[in-house]
Amino acid sequence: MTNITAAHRAAFEALTSGRFDNFALFSCFVGGEPAAAIVAVNRDGDDYTISPLFVALTPGMILTDHDGCPCEPLQQGRSP
């Protein structure tokens with residue numbers, strides 16, 4: 001079982017392909033906690049549409065696998 005959808009895969013492939021230049025980091029809040037999101041920015045007439053693709057972990061989030069085992073937090077200075 002996976003929570004990764006076809007849309008997630010398409011966004012990841014677009015991000016990693018180098019073929020697109022309309023991605024940005026966007027400062028935001030998740031559940032009231034400061035966070036950052038990777039967004040796609042597209043022109044929409046005279047305006048722009050900002051579509052969130054992925055949101056960074058916030059200090060209060062606990063990332064777990066499908067068995068409920070928590071991941072270790074990424075410590076500053078340590079590579080993922």
Side-chain angles (χ1 to χ4, degrees):
M1 181 174 155
T2 181
N3 296 325
I4 300 169
T5 67
H8 294 144
R9 287 186 202 284
F12 183 78
E13 289 171 7
L15 280 166
T16 58
S17 73
R19 294 182 299 161
F20 302 93
D21 62 0
N22 64 324
F23 298 109
L25 284 174
F26 189 81
S27 180
C28 61
F29 293 87
V30 174
E33 292 187 78
I38 297 172
V39 299
V41 182
N42 292 295
R43 196 148 186 73
D44 186 10
D46 291 335
D47 292 323
Y48 290 89
T49 300
I50 298 173
S51 304
L53 301 174
F54 298 97
V55 177
L57 295 174
T58 64
M61 283 184 184
I62 299 172
L63 187 65
T64 66
D65 64 15
H66 285 275
D67 295 326
C69 296
C71 298
E72 291 187 35
L74 184 61
Q75 297 170 354
Q76 196 165 12
R78 193 180 99 200
S79 296

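The structure presented is a predicted model; accordingly, all values stated were derived computationally and were not measured. As a basis for the values below, the full set of heavy atoms in this structure was taken, side chains included, without hydrogen atoms, waters or symmetry mates. Position 1 is the first residue of the sequence, and the numbers go up from there.
Tyr48 pairs by the side-chain contact (heavy atoms from CB on, under 4.5 Å) definition with Val41, Arg43, not counting sequence neighbours. Listed by chain and residue number, Ala14, Leu15, Phe20, Ala40, Leu53 satisfy the side-chain contact (heavy atoms from CB on, under 4.5 Å) test with Phe23 (two or more places apart in sequence, or in another chain). The side-chain contact (heavy atoms from CB on, under 4.5 Å) test applied to Ile4 returns Thr2, His8, Arg9, not counting sequence neighbours. Judged as a side-chain hydrogen bond (donor to acceptor under 3.5 Å, both in side chains), and not counting sequence neighbours, Asp21 has no contacts. Remark: Asp46 pairs with no residue by the side-chain contact (heavy atoms from CB on, under 4.5 Å) rule, at least two apart or across chains.
Val39 approaches Pro52 most closely through the heavy-atom pair CG1-CA, 3.8 Å.
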For a quick test of your reading: what N or O donor-acceptor pairs under 3.5 Å do the side chains of residues 27-34 make, sequence neighbours left out?
from	atom 1	to	atom 2	distance (Å)
Glu33	OE1	Gly60	N	2.8
Glu33	OE2	Thr58	OG1	3.3

